[in-house]
Amino acid sequence: MAEISSNERMEKIVSLCRRRGFIFQSSEIYGGLNGLWDYGPLGVELKRNIKEAWWCDMVSAHNERVQLDGAPRPFQMVGIESSIIMHPRVWKTSGHYDLFHDMMVDCRESKRRYRYDHIKGAWVEHDGQKVFVTCITDGDAKEEITRRALLYFKLKAKYADKLVWHGDVIDLTSINETGQVLAPDAKEPGTLTEPREFNLMFETHIGAMRSDDSKAFLRPETAQGMFVNFRNVVDSSRVKVPFGIAQQGKSFRNEITPRNFTFRTREFEQMEMEFFCHPSESRQWYQFWRDRRFQWYVDLGIDQKRLILRDHEQGELSHYSVGTADVEYAFPFCEEGEYGELEGIAHRGDFDLRSHMEGKLVREGDQLVVEQGEDGKPKYPGSGKDLTYHDEEAKERFVPHVIEPAAGADRTVLAFICDAYDEEEITNEKGKTEMRVVMRFHPRIAPVKVGVFPLLKNKPDLVAKAMEIRALLQPHMTVFYDETGAIGRRYRRQDEAGTPFGVTIDFDTIGENGDENKNTVTLRERDSMKQRRVKIDDLLDILLREIK
Ligand code: GAP
């Protein structure tokens with residue numbers, strides 16, 4: 001990869017995504033809608049392949065009789081698809097109604113709203129006036145603060161050394177005074193309100209009447225669908241603990257500051273699995289899923305140098321969690337040494353099943369107890385249904401513990417896109433040096449598996465043979481047929497789309513140069529650009545082997 005800055009790299013990636021049809025802004029012709037994105041023809045294939053690889057690893061290719069490497073013992077896996085709008089009581093007992101919020105601040109001058117913990121700033125002084133200059137940036141905060149301070153103090157860029165800095169860039173959350181804070185889009189200091197809670201759930205109404213009774217929520221996570229269906233799955237599919245229930249689907253969060261392309265959005269897709277096990281084995285299973293989920297990204301080609309598995313500090317844990325580790329990726333928009341979360345693997349204990357049985361739980365010392373309302377009754381009562389599990393062999397009844405690997409499909413797609421993006425200088429077919437942009441996707445997730453190219457489009461025999469080859473491959477994989485332009489340009493177009501193989505049908509193929517290479521084609525590999533001749537009879541087998 002040629003040397004380019006992270007910002008430049010991210011700009012190139014965003015531009016390629018739009019130009020080549022990976023990702024578009026939602027409702028773009030109307031000016032777009034913040035925090036919402038659409039997938040184009042290449043993006044949708046990539047996302048489907050990633051989701052399929054996840055589903056395959058978690059559910060369909062999982063053979064319950066075989067003990068997987070490192071697993072404490074064999075286990076079963078099943079899938080479900082639950083509704084996006086669930087009973088409002090689900091969110092009350094789960095804690096989302098009371099606790100799923102971010103702190104926000106409003107700017108009285110710009111009328112903008114910010115997530116409190118996303119604002120960065122520094123104390124900067126000039127001519128006896130000291131102001132806490134803030135910004136929201138994914139890039140170099142110091143650079144942005146300097147720019148804003150110069151503007152505020154009405155100084156030209158060449159007088160940047162006249163600014164006196166008091167300390168480093170810090171979070172707004174770490175200062176107490178607000179009077180001298182210059183908000184991210186304000187011209188004068190002191191315009192920010194005190195931080196307030198903002199619930200992230202989108203509200204809607206069920207039925208024709210709009211009242212508090214008809215209020216419902218778009219789910220902020222898919223996980224609750226698995227908990228409320230625990231009894232149904234146990235009773236209907238004869239699964240035995242330990243087992244997992246997996247689901248992929250849309251979730252919605254009214255993020256205050258959606259940002260970083262598709263990293264933080266308001267509508268996104270999750271790939272979650274709830275694994276139910278005996279409490280005495282839960283720590284082992286937590287370790288197993290923590291390591292296995294990290295390996296999934298590595299096996300699909302993510303560069304290990306950019307991936308970490310980070311254990312949460314005690315204070316970082318969610319209200320229910322006994323232990324959590326995140327799989328994180330060094331996105332180009334992250335500052336040096338920082339990472340963005342792709343997936344959390346949480347040990348949730350018996351919090352969820354107990355909450356849906358007994359009522360919303362709160363921690364009291366090291367105990368989880370049902371939260372009481374002012375009337376001394378459970379504040380948010382559970383369903384009262386029996387969500388325990390009876391182990392017939394051991395003759396034991398218990399509330400299973402849950403291990404939850406929760407991944408975001410869109411963040412995973414973005415990580416694969418960022419990781420795949422590469423530029424290299426090559427000598428082209430005419431002997432000239434040019435820059436090649438290549439998306440080095442693992443063949444299993446690549447949106448298009450093979451490009452089929454007749455050498456010339458005005459030679460009917462070549463075109464007919466190429467069509468035949470397309471018909472041979474198309475039932476088994478995504479094929480892109482392209483007959484326009486010089487062959488080198490056609491290769492380059494597919495390199496940008498991340499297509500791992502190209503098949504060229506030339507005069508040898510149709511026997512115009514004798515019988516030696518008749519019925520063979522050129523197979524070109526995207527990464528090495530190496531070409532070899534293969535028999536048409538062997539082509540499908542070779543490609544199937546390579547892409548699976
Ligand atoms: N059930 C647990 C749960 O939902 P989470 O960490 O809030 O945990 C899981 O979400 C994953 O969903 C995250 O690791 C991330 O990949 C994805 N995700 C969460 N919020 C998102 C957002 N606003 N935009 C895109 N992806 C998001």
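In listed order, ligands and their atoms are each counted from 1.
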Show the atoms of ligand 1 that are less than 4.0 angstrom away from any heavy atom in [X].
X      : result
Glu272 : 1 (N), 2 (C), 3 (C), 4 (O)
Ala223 : 1 (N)
Glu404 : 1 (N), 2 (C)
Phe263 : 24 (N), 25 (C), 26 (N)
Thr265 : 22 (C), 23 (N), 24 (N), 25 (C)

Measuring from the heavy atoms of Asp410, does anything fall under 4.0 Å of ligand 1? no
Any non-hydrogen atom of Arg348 lying under 4.0 Å from ligand 1? yes
List for me each residue that meets ring pair (Phe, Tyr, Trp, His ring centres under 6.0 Å) alongside His401, sequence neighbours excluded, and say none if there are none.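 With sequence neighbours excluded, His401 shows a ring pair (Phe, Tyr, Trp, His ring centres under 6.0 Å) to His347, given in chain and number order.
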Please identify each residue that fulfils ring pair (Phe, Tyr, Trp, His ring centres under 6.0 Å) with Phe275, with sequence neighbours left out. Phe75, Trp285, Trp289
For a quick test of reading the model, state the closest non-hydrogen atom pair linking Glu144 to Cys135 and the distance between them.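 Scanning both residues completely, I find the closest heavy atoms to be CG-CB, 3.5 Å.
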Heavy atoms only: which of Glu341, Arg411, Met273 lies closest to atom 14 (O) of ligand 1?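 Ranked by closest heavy atom to atom 14 (O) of ligand 1, first place is Glu341.
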For atom 5 (P) of ligand 1, which of the options Glu221, Met271, Arg253, Glu269 provides the nearest non-hydrogen atom?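 The residue whose heavy atom sits nearest atom 5 (P) of ligand 1 is Arg253.
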Looking at Tyr329, is Arg306 sitting on its ring face, NZ or CZ under 6.0 Å from the six-membered ring centre and within 45 degrees of the normal?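 No, Arg306 does not lie over the aromatic ring of Tyr329.
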Heavy atoms only, cut-off 4.0 Å: how does Leu342 contact ligand 1, side chain, backbone, both, or neither?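 For Leu342, only backbone atoms sit under 4.0 Å from ligand 1.
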Determine whether a donor-acceptor pair (N or O, by modelled atom type, separation under 3.5 Å) exists between the side chain of Glu341 and the backbone of Asp326.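 Pair absent, no side-chain N/O of Glu341 close to backbone of Asp326.
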Taking the six-membered ring for Trp, are Tyr389 and Phe276 ring centroids under 6.0 Å apart? no
